[in-house]
2 protein chains.
Amino acid sequence: MSGRGLERAGGQPLWKQLQHDLVRRLRAGEFADAFPGELVLVEDYQVSRHTVRQALSQLRADGVIVAERGRQPRVATAPEIRQPMGALYSLFSSVEASGLTQHSTVRALDIRADGVIASRLDLEGSSPLVYLERLRFAGDEPLALDRVWLPATLAEGLLEADFSHTSLYHELAERTGLRLDHGREDIRAVTPTAAERALLHCPADAAAFSINRVGHAQGRKVEWRHTLVRGDRFALSAEFSAHQGYRLTPATTTNPLG
Amino acid sequence: MSGRGLERAGGQPLWKQLQHDLVRRLRAGEFADAFPGELVLVEDYQVSRHTVRQALSQLRADGVIVAERGRQPRVATAPEIRQPMGALYSLFSSVEASGLTQHSTVRALDIRADGVIASRLDLEGSSPLVYLERLRFAGDEPLALDRVWLPATLAEGLLEADFSHTSLYHELAERTGLRLDHGREDIRAVTPTAAERALLHCPADAAAFSINRVGHAQGRKVEWRHTLVRGDRFALSAEFSAHQGYRLTPATTTNPLG
DNA sequence: TGCCTAGAAATGTACGCACATTCAAGCTAT
DNA sequence: ATAGCTTGAATGTGCGTACATTTCTAGGCA
């Protein structure tokens, strides 16, 4: 198809219109296999290569696409490398950095309904949810209690997964194609209940992080998560600068056993 | 002066050489009063406007300069607004957002020596340090216990400041010209001691955030800070996305009194 | 002296061309 | 069949032009 309409007298510059249209088509899944080259876009939109390049340069600056010499631009496989992010990613990567082995005990993996959680995922109260509860270990000691709810319509395929050694995000991407692209989390400092203390083998006076999190993928809320992390074994570590903003770093000292 | 030498057969693109040379001249203070316009640079470096614009667009993307239509590019004024950053900034801005008034009780403001802290600031063990200890209130209830050490050689002017209503960073910038440009912090979940609980009016079962932080300014470590924040009145809140990374948000629910 | 307007000047947008450099596919020869 | 080369195609770099839009300034007018 040629002659895609761009408002030539519109209020916005051509390259910006082109940029937005490309993002729109990208989200619609049009470029799943290959991103069109510059000359194709020139022909398609009937604009100069200069304009196309200006639009693409913006997309590249935003990390949406990756381009190299002599090679067609490709859609950036961003979420694979820069990852799920957030405090939880920091937690698990810091465990890995410390050399301790990670594994989980699956305490529950089933489908259930929960009106409160469902509403937090913008679902009807009776909507079925995949529920996964794990006790995560670093070395031989428990580190965190992790509970996740996902819409069953999206995540039903997870029921057959073995979560004792793989991560939720890996299975989610593998089995449903969903990758979290953004989210929001609240981190609180709490005192664990006696039951939680027993489960996590906490010392009596230990505090804990309580992390609530909503994860989005492709415009939908796909997970509501609550994680309780032993405060005596984990610290959030971050660097901040005017240039690079706030970045969690995995250099956290996960005490090698207590 | 015209004909500034750019290696035309050099390994690097012209625009990149130009970009780096402009940064170099900028740091040398050449553009203190005004940044040269595009046409001036074209004449100066004997390159096309396209090349100049490509270099400037990079500088703009890096936030070094600001350009507008019809107006000469200007050197970007130091990011005065997005300044302090980090969890502490998130703390105080969220209190403000909640509508509660903030004030502090200065428990100590003097000069003392501390070998451990001094070494953390890359100083000799006997180096004098300005020590500031405050109890920070949100509304009528205590929120955090804040202790800061700064090198006395840099921060001596702070001794006469009144910290009951102004922020440390404001006074620091005002009296010494220092602005933190980056830093690092560790955030832990801890159980406050009985003394700390009494001071902060904590409930007996409340946990707390313990934040350690090193702040840098102009290549030197200028503050070592320890802050203890009531866990029942504060939560860290963050948004993350592939596009924008990890950002602390001030939307935290500071419980309006307990 | 103060306000307004016209023009100059600067950046933003958009088009065109040419060549360099790199990647990938296809072909040839061993 | 595979290794190596050739060739085409795509992006990167660099130059030129023209016009639009905005800002600043200087001059005129009341």
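In what follows, every chain begins at residue 1, and chains take the letters A, B, ... in the order their sequences are listed. This one's a predicted model, so the numbers in the text were calculated from it and none came from an experiment.
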Check: With sugar-phosphate meaning primed atoms plus P, OP1 and OP2, does A:T51 contact a base, only sugar-phosphate, or nothing at under 4.0 Å between heavy atoms?
Finding: sugar-phosphate

Starting at [atom1] of [X] and ending at [atom2] of [N], how long is that distance when rounded to a whole Å?
X     : N      : atom1 : atom2 : result
B:E68 : C:dT13 : CD    : C1'   : 16 Å
B:Q12 : C:dT21 : CD    : P     : 15 Å
A:L18 : C:dT13 : CG    : C1'   : 14 Å
B:I65 : C:dT11 : CD1   : P     : 9 Å
B:Q58 : D:dG14 : CD    : P     : 12 Å
A:Q46 : C:dA14 : CD    : C1'   : 14 Å
B:K16 : D:dG14 : NZ    : C1'   : 16 Å
B:H50 : C:dG16 : NE2   : P     : 15 Å

Item checked: A:E185 (side chain) donor-acceptor with A:A87 (main chain) under 3.5 angstrom -> yes

Check this one for me: any side-chain N or O of [X] less than 4.0 Å away from OP1 or OP2 of [N]?
X     : N      : result
A:R49 : C:dC15 : no
B:R74 : C:dT11 : no
B:R60 : C:dT11 : no

Checklist line | A:K16, NZ atom: more than 12 neighbouring heavy atoms under 6.0 Å | finding: no

Scan nucleotides 8-10 of chain C against the protein and return all N/O pairs shorter than 3.5 Å with their distances rounded to 0.1 Å.
none

Expected rows: protein N/O vs nucleotides 3-7 of chain D N/O, under 3.5 Å:
none

Check: What are the two closest non-hydrogen atoms of B:E223 and B:L150, and how far apart are they?
Finding: CB-CD2, 4.1 Å

Note to self: Looking at every non-hydrogen atom in both residues, tell me the closest pair between B:R225 and B:D146 and how far apart they are.
What the structure shows: NH2-OD2, 2.7 Å

Note to self: Under the criterion side-chain hydrogen bond (donor to acceptor under 3.5 Å, both in side chains), I'd like the reasoning laid out for B:T249 against B:E239: C-alpha separation, chi angles, the key distance, then a yes or no.
What the structure shows: CA-CA 7 Å; B:T249 57; B:E239 287 179 0; 5.2 Å; no

Next item on the list: Decide yes or no for A:L123 and A:P151: does some side-chain heavy atom of the first lie under 4.5 Å from some side-chain heavy atom of the second?
Entry: yes

Checklist line | Any A:L41 side-chain heavy atom under 4.5 Å of A:L22 side chain | finding: yes

Next item on the list: Evaluate the ring planes of B:F240 and B:Y246, with Trp represented by its six-membered ring, and classify them as parallel (under 30°), tilted (30 to 60°) or perpendicular (over 60°).
Entry: parallel

Notebook entry, point to check: According to the salt bridge (Lys or Arg N to Asp or Glu O under 4.0 Å) rule, which pairs have a member within residues 156-166 of chain A, sequence neighbours left out?
Noted result: none

Next item on the list: Identify which nucleotide among D:dG16, D:dG12, C:dA14 has an atom closest to any side-chain atom of B:S48, counting heavy atoms from C-beta outward.
Entry: D:dG16

